[in-house]
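Have a look at the structure below before the remarks.
These numbers come from the heavy atoms of this one structure, side chains and all, not from hydrogens, waters or symmetry mates.
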Amino acid sequence: MSIRGLKKKQPKTFKVKIITVDAEMEFSCEMKWKGKDLFDLVCRALGLRETWFFGLQYTIKGMCTWLKMDKKVLDQEIPKEDPISFHFLAKFYPEKVEEELLQEITQHLFFLQVKKQILDEEIYCSPEATVLLASYAVQAKYGDYDPNFHEPGFLAHDELLPKRVLRQYQLTAEMWEEKITAWYAEHRGIARDEAEMNYLKIAQDLEMYGVNYFPIAQNKNHTDLLLGVDAKGIHIYSINNRFSPNKSFEWSAIRNISYSEKELTIKPLDKKAEVFKFFSSQLKVNKLILQLCIGNHDLFMRRRKVDSIEIQQMKAQAREEKARKKMENQRLAREKQLREEAERAKEELERRLFQLEDEARQANEALLRSQEAAELLAEKAQIAEEEAKLLAQNAAEAEQERQRLEITALKTKEEKRLMEQKMREAELIAVKLVKESDRRAKEAEHLKQDLHEAREAERKAKQKLLDITRLNYPHMVNYPQYSPTDTRDANFDKGSIKLDLKDIDLKRLSFEIERERLDYLEKSRKFEDRLKELKSEIHALKLEEKQSGLYSHWNEVLGSLDRSLGNVQQHDSDVIYI
């Protein structure tokens, strides 16, 4: 036998495209596969275990129907396409979503399908409820609301409200977004699966939720009606009202449902109750109604029985998964809170650092201003000291002149009168000179006090700058302290320190000093001229016999001049040399 004969013959396949609510998948199926084989393959690919809610839907001749599980795929009346398209959708709906939907994937598929039905207006929802549902949908998609990230306009490309609601109210897209965001901000801390479950819990209370509608005609008068099948039973509606049924048959009250061609019969459990018969337009519709009734009734009975081992395991796993997710969400919430607190603390430290830097800058500027003021006052004190020295020199010259006048002899009485007159004039000039010297001494004293205050302010400003620096940078090296006592070295070391005075202050100060020096020199020149004139007049007098009387009076004048000059010298000695 050849090698080719040993090889197994590959089975023939056909392609199938499965369309879920949010994705598309393609599979290769064997020709002999039944509908259940394809359905199980799709469920395995999705990781879905709660398979009893779902089915594969297709459209043929304008009517939606479900793929039968017990028949071959290709033997059913399906579209002749390549690949063949099926929609994986929820066929049956739970009575209570929170209790029956165990897997997260099951919950997510239901959420997407119900959301699409509401937006497509297959399920009626009031405008207020649609805004609340939209807020949960946004929470499930974007997570917690963050005003820094979710800026106005972030919902512009999301379809969240039915067109009927948008047409009903004259509101702009920005207004609707503001309303949705107001609810969205309240859902902070809700995880995606919790937001989807809250969405479904609200949607399951809507009148049209989970109802499959079929047009029928009643047997007696052939009035057009709607038959609705859902998880609770069978309901009969008028053609224009899908909210409030005219008549309902709960699954627990139905004994039997059967059809014969186009006629479908509902027999109540109560034998005395009237049997309800109606007609549908096509035989296929009756078959579809019967399939939905059988499936919903089976699930109705299944819910009221003890859970199977598989369901119990799934519920236990679901509880464990919810507990794990709850702990994980709590941990993430704590980490997020700690991160936010750390960010706030960082911002506070940065703000404090900026504030301290600003204070340090202001203190540094104040220190520079104090240094400039101190240097200006030191310059003024130096000038005042020089003026005091000049006054002392002039006083010494006056003293020398006085000594020369002591050895002069007055000759005659007329000369004595003239001498006394000259002496009085000299005394007045000496008094003026003493007053001027006192004024200069007082001005030097004031400058000394201002210099002391400026240096004290400079010392305080430097101390404040050092304190701020130690508070923020404790590792920095301390600067040497400035000694205000060593004033001479600090102000006259021209090689290391430069005077930083404004030009206008220096010009004004130099002008004042020069003007005062000129005034003083003018007065000194006049005084010297007057003394020289007096000296020449004294030398002209040769009367020796009258010298003794003139000497006593002249000594008194000179004594007062000595005391004034002594005060001037004492004030001069108090001036600080910078």
*So, Glu343 and Lys346, do they make that salt bridge, N to O below 4.0 Å?*
no
Using residues 236-248 as the side-chain source, report each donor-acceptor pair under 3.5 Å to any protein atom, sequence neighbours left out, with the distance given to one decimal.
| unit_1 | atom_1 | unit_2 | atom_2 | d |
| --- | --- | --- | --- | --- |
| Asn241 | OD1 | Phe243 | N | 3.0 |
| Asn241 | OD1 | Ser244 | N | 3.4 |
| Ser248 | OG | His235 | ND1 | 2.8 |

*asked:* Pair Tyr199, Phe111 - check ring pair (Phe, Tyr, Trp, His ring centres under 6.0 Å), show working.
replied: CA-CA 7 Å; Tyr199 188 101; Phe111 163 74; 5.0 Å; yes
Side-chain donor-acceptor distances from residues 28-40 under 3.5 Å, at least two apart:
| unit_1 | atom_1 | unit_2 | atom_2 | d |
| --- | --- | --- | --- | --- |
| Lys36 | NZ | Asp40 | OD2 | 2.9 |
| Asp37 | OD2 | Lys34 | N | 3.0 |

_Suppose the criterion is salt bridge (Lys or Arg N to Asp or Glu O under 4.0 Å): which pairs have a residue in residues 54-64, not counting sequence neighbours?_
Lys61-Glu77
*Answer yes when Glu348 and Arg352 have at least one side-chain N-carboxylate O distance shorter than 4.0 Å, and no when they do not.*
no
_From CD1 (Ile234) to CG (Asn212), nearest 0.5 Å_ = 11.5 Å
*asked:* Salt bridge check, Lys15 against Asp82: does any charged N sit closer than 4.0 Å to a carboxylate O?
replied: no
_Proximity of Phe154 and Phe149 rings by center, below 6.0 Å_ = no
_List the residues meeting side-chain contact (heavy atoms from CB on, under 4.5 Å) with Gln337, not counting sequence neighbours, and say none if there are none._
Glu341
*Around Glu350, counting heavy atoms of other residues, nucleotides and ligands shown, do more than 12 lie under 6.0 Å from its CD?*
yes
*Mind checking the CZ-CG spacing from Phe214 to Leu264? Nearest 0.5 Å is all I need.*
10.5 Å
*Can you spot which of Phe54, Trp52, Phe110 makes a ring pair (Phe, Tyr, Trp, His ring centres under 6.0 Å) with Tyr93?*
Phe110
*Is any NZ, NE, NH1 or NH2 atom of the basic residue among Arg324 and Glu321 found under 4.0 Å from an Asp or Glu carboxylate oxygen of the other?*
yes
*Listed partners of Gln76 passing side-chain hydrogen bond (donor to acceptor under 3.5 Å, both in side chains), at least two apart*: none
*asked:* Looking at Lys201, I want to see if its NZ is surrounded by more than 12 non-hydrogen atoms of other residues, nucleotides or ligands under 6.0 Å.
replied: yes
*asked:* Under a 4.0 Å threshold between the charged nitrogen and the carboxylate oxygen, would Glu340 count as salt-bridged to Arg188?
replied: yes
*Run the salt-bridge test on Glu328 and Arg331 with the 4.0 Å N-O cut-off and return the result as yes or no.*
yes
*Kindly determine whether His87 and Tyr58 satisfy ring pair (Phe, Tyr, Trp, His ring centres under 6.0 Å), including the steps that lead there.*
CA-CA 6 Å; His87 289 270; Tyr58 62 92; over 10 Å; no
*Any Lys/Arg nitrogen of Lys163 or Glu121 sitting under 4.0 Å from an Asp/Glu carboxylate oxygen of the other?*
no
*Straight-line distance of Ser308 OG to Gln313 CD, nearest 0.5 Å*: 8.5 Å
*asked:* Both conditions, 6.0 Å and 45 degrees, for the charged tip of Arg304 above the ring of Phe300: are they met here?
replied: yes
*asked:* Under 6.0 Å between ring centres: does that hold for His187 and Tyr145?
replied: no
*With sequence neighbours excluded, what pairs up with Met25 under the side-chain contact (heavy atoms from CB on, under 4.5 Å) test?*
Ile18, Thr20, Phe27, Val42, Ala45, Leu46
*Are Lys71 and Asp75 within salt-bridge range, i.e. N to O under 4.0 Å?*
no
